[in-house]
Amino acid sequence: MNDKKDFLAGAGVNTRLSHIGNSPSDYHGFVNPPVVHASTVLFPDAKTMETRGQKYSYGTRGTPTTDALCEAIDALEGAAGTILVPSGLAAVTVPFLAFLSAGDHALIVDSVYFPTRHFCDTMLKRLGVTVEYYDPMIGAGIESLIKPNTRLVHTEAPGSNTFEMQDIRAITTAAHRHGCVVTMDNTWATPLYFKPLDHGVDISIHAATKYPSGHSDILMGTVSANAKHWEQLHETNIALGICGAPDDSYQILRGLRTMGVRLDRHQESTMTIARWLEERDDVARVLHPALPSFPGHDLWKRDFTGSSGIFSFVLKVDGPEQFKPKAHAFLDALSIFGLGWSWGGYESLAVHVGLSDRRICKAPSEGPVIRLQIGLEDVADLRRDIDAGFAAANAI
Ligand SMILES: Cc1ncc(COP(=O)(O)O)c(C=O)c1O
């Protein structure tokens with residue numbers, strides 16, 4: 001059998017998602033790669049062993065299962081190489097360890113995923129790296145913050161919980177003039193709606209826990225590098241001994257097959273609900289970059305080809321003393337929306353967002369921020385559930 005993959009060049013995204021990272025002729029025609037559980041790999045003779053002269057040499061350095069997933073992610077990201085790590089958080093921390101050394105300065109966007117900030121303020125600090133947070137809307141102005149020892153600029157767009165956009169092209173252009181590495185947490189958009197490496201980013205980070213998994217059951221991160229940065233990223237990963245587990249890698253590859261159609265649905269339902277919320281008197285603001293009313297919408301429109309299923313809104317209240325009671329009343333009245341962290345799965349979720357860690361992008365003053373992850377349920381049912389939340393919040 002011959003795997004004909006020529007059709008993938010120029011094919012639509014769902015065709016590509018259906019056929020990247022598989023090679024049935026290598027596995028007797030079975031459509032999916034096997035799940036290889038491995039530590040030891042045997043060599044045919046001492047010379048091959050000495051020179052590691054065969055494709056696979058040890059379980060931590062890749063298997064046919066992890067290679068199939070990495071190949072698929074490389075194709076989606078346009079990357080020179082991808083490493084797999086056990087969580088989305090590790091997908092941020094491993095490249096930081098790869099490119100930062102004692103004495104370096106790192107610029108981190110202030111709307112960053114909170115555990116990333118925690119890593120910076122604890123581990124990086126302990127390792128002798130100075131961290132400075134910057135305004136997501138800074139754009140080309142990032143250049144004024146770059147010092148002789150600035151080595152890394154970390155971006156995340158839209159930002160966590162408040163969804164600020166960033167001018168990624170302007171930031172990468174300025175950062176590269178000073179020899180900095182630019183990393184981007186692109187989990188919200190996935191490479192289907194934004195391809196960081198095409199916009200000058202060096203390292204694209206993805207919590208595959210979210211949309212690639214899609215079923216709220218697998219933790220995994222992927223880190224994809226351009227050609228200039230691949231070797232150092234790969235070397236660090238080997239030095240740290242971090243690798244993707246075989247069953248999880250298989251499940252993420254499986255999730256990719258339907259990610260396009262799931263994202264279409266997430267996007268459509270989310271936009272319907274976001275627009276509906278914007279019309280409501282009980283809502284002060286909707287924080288969603290695909291809404292024309294949102295500051296940064298122009299950047300989203302210029303650079304992104306779609307939007308996913310997570311956004312926030314600000315509940316309108318009369319004063320700060322009502323923030324928590326009204327937010328809790330809203331959440332406690334929900335039945336379909338679960339109260340839970342993470343996102344990207346098939347089910348809807350709601351969270352009262354805490355923003356006390358912010359230094360520059362302060363929390364909205366009009367009311368509490370509620371983050372919604374819109375799942376694959378029917379929109380009419382979700383609206384009814386949200387209506388019940390508003391009724392409960394209005395009752396106190
Ligand atoms: C933007 C972003 N990046 C990274 C992560 C971390 O992913 P994981 O939960 O797999 O560690 C999350 C998790 O919520 C996230 O929202």
Side-chain angles (χ1 to χ4, degrees), residues 85-94 108-123 154 156-164 185-190 205-222 248 251-252 255 259 262-263 266 269-270 273-274 277 286-289 307-315 323-324 326-358 361 363-364 367-377 382 385-386 389 393:
V85 294
S87 70
L89 179 57
V92 182
T93 61
V94 169
I108 310 289
V109 67
D110 192 48
S111 47
V112 74
Y113 174 56
F114 173 72
T116 297
R117 185 192 300 273
H118 180 68
F119 178 79
C120 292
D121 293 346
T122 54
M123 293 288 283
H154 181 63
E156 182 183 325
S160 273
N161 298 322
T162 40
F163 301 92
E164 292 86 351
D185 184 333
N186 186 46
T187 303
W188 184 87
T190 83
I205 291 162
H206 197 172
T209 305
K210 318 299 179 197
Y211 294 112
S213 161
H215 294 76
S216 311
D217 50 1
I218 307 289
L219 286 160
M220 185 170 272
T222 65
D248 293 348
Q251 293 291 357
I252 296 295
M259 188 170 80
R262 283 187 283 107
L263 273 172
H266 284 294
S269 302
T270 302
I273 289 176
L277 287 174
V286 180
L287 312 178
H288 191 313
S307 61
S308 61
I310 183 169
F311 71 103
S312 294
F313 70 90
V314 184
L315 193 62
F323 278 33
K324 196 164 163 180
K326 290 231 182 217
H328 282 201
F330 178 90
L331 294 179
D332 288 344
L334 301 173
S335 316
I336 299 176
F337 282 82
L339 308 189
W341 304 108
S342 204
W343 45 281
Y346 55 84
E347 87 291 25
S348 292
L349 298 169
V351 176
H352 175 203
V353 165
L355 296 165
S356 58
D357 61 310
R358 296 291 176 83
C361 314
V369 177
I370 309 280
R371 191 185 79 181
L372 298 179
Q373 126 87 12
I374 305 300
L376 303 177
E377 302 95 334
L382 295 179
D385 210 32
I386 295 172

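Residues: numbered from 1 along the sequence shown.
With hydrogens and angles disregarded, no donor-acceptor distance shorter than 3.5 Å links the side chain of Asn186 to the backbone of Ile205. Using a distance-only test at 3.5 Å, with no hydrogens or angles considered, no donor-acceptor pair links the side chain of Asp248 to the main chain of Ile218. Side-chain atoms of Asp185 never come within 3.5 Å of backbone atoms of Glu156 as a donor-acceptor pair (strictly under, hydrogens ignored). A donor-acceptor pair is defined here as one N or O able to donate and one able to accept, closer than 3.5 Å; no such pair exists between the side chain of Arg117 and the backbone of Ser111. A donor-acceptor contact shorter than 3.5 Å links the side chain of Ser348 to the backbone of Gly375. A donor-acceptor pair is defined here as one N or O able to donate and one able to accept, closer than 3.5 Å; no such pair exists between the side chain of Ser160 and the backbone of Val112. In this structure, the side chain of Tyr346 does not engage the main chain of Arg262 through any donor-acceptor pair within 3.5 Å. At least one donor-acceptor pair closer than 3.5 Å links the side chain of Gln373 to the backbone N or O of Gly345. Listed for the Trp188 side chain is a donor-acceptor partner under 3.5 Å among the backbone atoms of Ile310.
Taking the side chain as every heavy atom from C-beta outward, Met123 and Thr93 never approach each other to under 4.5 Å. With contacts defined as side-chain heavy-atom distances shorter than 4.5 Å, the pair Thr190/Ser308 does not qualify.
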side-chain contact (heavy atoms from CB on, under 4.5 Å) between Leu339 and Val351, worked out: CA-CA 6 Å; Leu339 308 189; Val351 176; over 6 Å; no
Go through the steps for Tyr113 and Thr116 under the test side-chain contact (heavy atoms from CB on, under 4.5 Å), then give the verdict. CA-CA 6 Å; Tyr113 174 56; Thr116 297; 3.7 Å; yes
In sequence, state the C-alpha distance, the side-chain angles, and the governing distance for Ile370 and Leu331, and then conclude on side-chain contact (heavy atoms from CB on, under 4.5 Å). CA-CA 9 Å; Ile370 309 280; Leu331 294 179; 4.3 Å; yes
Run Tyr211 and His206 through ring-ring contact (aromatic ring centres under 6.0 Å, His included) and show every step you take. CA-CA 10 Å; Tyr211 294 112; His206 197 172; 8.0 Å; no
Would you check, one step at a time, whether the test side-chain contact (heavy atoms from CB on, under 4.5 Å) holds for Ser342 with Thr209? CA-CA 8 Å; Ser342 204; Thr209 305; 3.9 Å; yes
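By the salt bridge (Lys or Arg N to Asp or Glu O under 4.0 Å) test, Glu164 pairs with Arg358, sequence neighbours left out. Evaluation of the salt bridge (Lys or Arg N to Asp or Glu O under 4.0 Å) rule for Asp332 yields no partner, not counting sequence neighbours. Residues passing the side chain to side chain contact (heavy atoms under 4.5 Å, CB included) test with Thr270, sequence neighbours excluded: His288, Phe311, Ile374.
Closest approach of Ser312 to Asn161, counting heavy atoms only: OG-O, 2.7 Å. Considering every non-hydrogen atom in both Leu315 and Ala393, the closest pair reads CD2-CB, 4.3 Å. When all heavy atoms are compared, the tightest approach of Ala350 to Leu334 is CB-CD1, 3.7 Å. Between Glu347 and Ser216 the shortest heavy-atom distance is OE1-OG, 3.0 Å. When all heavy atoms of Ala333 and Asp385 are compared, the closest pair comes out as O-OD1, 4.4 Å. When all heavy atoms are compared, the tightest approach of Phe330 to Ile386 is CE1-O, 3.8 Å.
Between the CZ atom of Phe337 and the CG atom of Leu372 there is a distance of 5.0 Å, given to the nearest 0.5 Å. Expressed to the nearest 0.5 Å, how far CG of Leu219 lies from CG of Leu89 amounts to 10.5 Å.
Checked by atom type, the side-chain pair Ser213/Gln251 shows no donor-acceptor distance below 3.5 Å.
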